[in-house]
Number of protein chains: 4
Amino acid sequence: MADVDAAPRHRRQGSRRDPAIDEAVLATTRTLLIERGYAATTIDLIAATAGVSRPAIYRRWTSKAQLVHEAAFPDLGPEAPENDFAAEVTRLCRGAIRMYGDPVVREAIPGVLVDLRSDRRMRRLLSDRLEAAARSQLAERLDAAVDEGTARAVDADTLMDVIAGGAWYAVCVRRVKDTDRAGRDLAELVLRGVLR
Amino acid sequence: MADVDAAPRHRRQGSRRDPAIDEAVLATTRTLLIERGYAATTIDLIAATAGVSRPAIYRRWTSKAQLVHEAAFPDLGPEAPENDFAAEVTRLCRGAIRMYGDPVVREAIPGVLVDLRSDRRMRRLLSDRLEAAARSQLAERLDAAVDEGTARAVDADTLMDVIAGGAWYAVCVRRVKDTDRAGRDLAELVLRGVLR
Amino acid sequence: MADVDAAPRHRRQGSRRDPAIDEAVLATTRTLLIERGYAATTIDLIAATAGVSRPAIYRRWTSKAQLVHEAAFPDLGPEAPENDFAAEVTRLCRGAIRMYGDPVVREAIPGVLVDLRSDRRMRRLLSDRLEAAARSQLAERLDAAVDEGTARAVDADTLMDVIAGGAWYAVCVRRVKDTDRAGRDLAELVLRGVLR
Amino acid sequence: MADVDAAPRHRRQGSRRDPAIDEAVLATTRTLLIERGYAATTIDLIAATAGVSRPAIYRRWTSKAQLVHEAAFPDLGPEAPENDFAAEVTRLCRGAIRMYGDPVVREAIPGVLVDLRSDRRMRRLLSDRLEAAARSQLAERLDAAVDEGTARAVDADTLMDVIAGGAWYAVCVRRVKDTDRAGRDLAELVLRGVLR
DNA sequence: CGGTAATCGAGACGGTACGTCTTGTCTTGTG
DNA sequence: CACAAGACAAGACGTACCGTCTCGATTACCG
């Protein structure tokens, strides 16, 4: 019967990892990233601040980069895309600016890029997390809008580059303060470029 | 006696710095950045590979970040801007993609960002070098084009964000191979957004 | 009924410790001591090799030193002393050389000494086990022999030092191979020194 | 001329190692060995106490065992042997008791034995330092005394075993306090055994 | 026969030491 | 002076072991 061949039972014997430690470490990592930046956010410092031992951290994450990666880029859960193409572009612009506007993300990105330089798998995971989902959703919407005749046939990837890159540049390099306005400006410029 | 009361003589005693060392170090740094990335490009490794002593490096640059900064972002010498606004935008798009396409620059940027996090002066210097000149030139051309009636009145900073950020994203994140085509696509999308 | 008001009953409920584990651990410890020495004989390694869990070991012995102590120096059961003084000295010399000749003992001694440095109780226990019984027995025999006139009045402790220390040195430091001969030589030298 | 082809000049460029550091580390190591024993004498603790960095220690000694070895068993410089055989044995007994009586040596020996277990070269060096020289000197004196007819033909190695081992046992195991008396007792017993 | 208590494995935990590495400074001769 | 060679303090890195602990699962005795 169902019970028999159902759940493989997973045999989780022995103490479980204390989830409070995961939480404390991630929260501490976020705080320290903001306060001190990537370089000064030592594993030692994280451990001490979180009241946790260093091995407890290494048991969970194989490196500082992995830890920061998980601390800074939590799974966003797929946001519901807008039906209207213009609304979707606007949503993405705002979302990108909001994401890059998070000080944790801002501090984490370059550090993670440096440390994961030769870890192809992690780099892919990072870019997936940051934008791959949005990229493919956007492509679909664009196709539909082109079919409808509301959008011109531009390269979807270039469109995504412009949205994400423009947001990143505004927030991280130019350091705009008024993110609402920046989101509007960006969306407007991009939409002018793509709408018919 | 002439010598006695003659010119203050400036007392340039001792050996001059050997300019060959500057060159060797900068070239080695560029090579290592490409081959191994920022983190693995140790000052020690640079010194050994360049056949130079570590103090000779620290005599010239105050830190690894400064050295990489100079090695990766040489002064470009102001490129002559195009007179036509559309041509200028196109030139900037191509230029940005070419710059970010340089593997040295790609490896250097995140590392320098991490290490210079709290060095406000250097960060400013970096962004100046990368785009400030272009930004102001672009603003002038845009004003003129708006006056002529060929361009719409968009925010010049947002325009620059989109060009530089779009290029950065295409090259560094999406890792496009065909940079010529990417430049064209980017320029086209941007121009559609801004031209009347 | 005797049972009722007798022993406080100790309430021995639940499973008993598996004596096979004791044996397996002790045997494994001995093997590992010989093969790898004290430092490399990790509790983890013992547990894994013996097919036993770490807590099962700590339930039985409070520390690695205690475990090694029991593994290496099993209770010898009091050997019957010889009646003749000369025969007794000879017996002790042979016994000491045999004991220190055991590779397990040789590996264990320094390790236990280091780890039990500040455990006065255990150190005493160790020396008791190794030689205290023999020391007092020897003192008695020596007294008798002095009374009989067959031995000279030497310090019994010094005599024991010479026997045990000489044996230890021959076996552990000089690493003699022919233990029989070493025992004879030692006994002869000692007896010449003490017999009248 | 001699000077020309003499010394290979050794080309010692760069800073010399600071001999004050060697001294401070060795002295600190000796103090800590006495106060805390081998196990608690951490490299970290030595470094901190001596006011020295850890790498500075590892630059000089490859391991804790090597450092302790050098700290505890300094080269004794060959003591002048006595001409008279009996006097020589007495000198050796006293010397052995004095050496093993040094608390530094007492703490160091077991630790070094454990850690250098598989380093054949170091073990040999250790035993050489502790007794090999004395052993061969003693053998010569014994031969001469046998020729003279003052000593009986006993095994020289066994004789050395008895002296060194007896001293070690008296001091390290039995923990005699009155070392002068212990030296006399040991010498007397040994001499009775070997003199004709 | 069902409850109770001790065992067992597995393995996480805090703590601590290890030995290595890198950074940026300082020192010592040589040219 | 600049330079090479290299020692130095500071401190992070990642690994290893220790002895303790918490889990579930498994016995065995006891009422």
Side-chain angles (χ1 to χ4, degrees), chain A residues 9 11-18 20-21 39-47 51-64, chain B residues 11-18 21 39-45 47-48 51-65 115, chain C residues 9 11-18 20-21 39-45 47-48 51-66 115, chain D residues 11-21 39-48 51-64:
Chain A
R9 299 295 299 170
R11 292 297 268 125
R12 272 301 269 120
Q13 210 169 43
S15 329
R16 257 39 111 230
R17 283 194 185 157
D18 183 350
I21 291 185
T41 299
T42 302
I43 298 264
D44 255 319
L45 182 60
I46 296 173
V52 152
S53 71
R54 195 147 31 121
I57 293 183
Y58 281 109
R59 246 189 298 280
R60 291 167 167 77
W61 298 278
T62 63
S63 70
K64 176 177 161 182
Chain B
R11 297 296 265 118
R12 268 309 260 124
Q13 206 173 48
S15 6
R16 260 32 114 241
R17 279 193 190 162
D18 182 351
I21 291 186
T41 299
T42 301
I43 298 267
D44 252 322
L45 182 59
V52 152
S53 73
R54 198 141 38 112
I57 294 182
Y58 279 107
R59 220 170 282 125
R60 292 166 167 78
W61 299 277
T62 64
S63 71
K64 175 178 163 182
D115 282 0
Chain C
R9 300 293 303 182
R11 300 291 270 112
R12 247 347 234 108
Q13 212 169 41
S15 2
R16 253 41 110 232
R17 283 191 189 158
D18 182 350
I21 291 185
T41 299
T42 301
I43 296 267
D44 253 322
L45 182 60
V52 152
S53 72
R54 198 145 30 120
I57 293 183
Y58 280 107
R59 222 171 281 125
R60 291 164 168 81
W61 298 277
T62 63
S63 71
K64 176 178 162 182
Q66 293 247 8
D115 281 1
Chain D
R11 295 296 269 121
R12 272 304 266 116
Q13 208 170 47
S15 333
R16 259 33 117 230
R17 283 192 188 158
D18 183 350
I21 291 186
T41 299
T42 301
I43 297 266
D44 254 320
L45 183 59
I46 296 173
V52 151
S53 72
R54 204 161 9 142
I57 293 183
Y58 281 108
R59 219 171 284 125
R60 291 167 167 77
W61 299 277
T62 63
S63 71
K64 177 177 161 181

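We name chains A, B, ... by the order of the sequence lines, and we start the count at 1 in each one.
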For [X] and [N], give me the distance from atom [atom1] to atom [atom2], rounded to whole Å.
X: A:Ile57; N: E:dT16; atom1: CD1; atom2: C1'; result: 16 Å
X: D:Arg17; N: F:dA9; atom1: CZ; atom2: C1'; result: 16 Å
X: A:Ile46; N: F:dA12; atom1: CD1; atom2: P; result: 12 Å

Of C:Arg59 and D:Arg59, the one whose closest nucleotide on DNA chain F sits nearer the 5' end is D:Arg59

For nucleotides 21-24 of chain E, tabulate all protein N/O to nucleotide N/O atom pairs closer than 3.5 Å, reporting atom names and distance.
residue, atom, partner, partner atom, Å
E:dT23, OP2, B:Ile43, N, 3.2
E:dG24, OP2, B:Tyr58, OH, 3.1
E:dG24, OP2, B:Lys64, N, 3.4
E:dG24, N7, B:Arg54, NH1, 3.0
E:dG24, O6, B:Arg54, NH1, 3.0

If you take atom types as modelled and just measure distance, does the side chain of C:Ser15 reach the base of E:dA6 with a donor-acceptor pair under 3.5 Å? yes

If you take all heavy atoms of [X] and [Y], which pair is closest and at what distance?
X: C:Thr41; Y: C:Lys64; result: O-CE, 3.3 Å
X: B:Val52; Y: B:Ala56; result: CG1-CB, 3.8 Å
X: B:Leu45; Y: B:Ala40; result: CD2-O, 3.5 Å
X: B:Ala47; Y: B:Ser53; result: CB-C, 4.1 Å
X: A:Arg17; Y: A:Arg60; result: CB-NH2, 3.7 Å

For E:dT28, does OP1 or OP2 lie under 4.0 Å from any side-chain N or O of D:Arg16? no

Distance check: side-chain N/O of C:Arg60 vs OP1/OP2 of E:dC8, anything under 4.0 Å? yes

Assuming nearest nucleotide by heavy-atom distance, tell me which of C:Val52 and A:Ser53 is located more 5' along DNA chain E. C:Val52

With the side chain defined as heavy atoms from C-beta on, B:Asp18 is closest, among F:dC3, F:dA28, F:dC8, to F:dC3

Looking at the side chain of B:Ile21, which of F:dC8, F:dA4, E:dG14 is the nearest nucleotide? F:dA4

Looking at five pairs on each end of the helix from E:dC1-F:dG31 to E:dG31-F:dC1, what is the angle between the two axes, given to 10 degrees? 10°

As an exercise, state the distance from OG of B:Ser63 to OH of B:Tyr58, rounded to the nearest 0.5 Å. 8.0 Å

Close N or O pairs between protein and nucleotides 1-3 of chain E (under 3.5 Å):
none

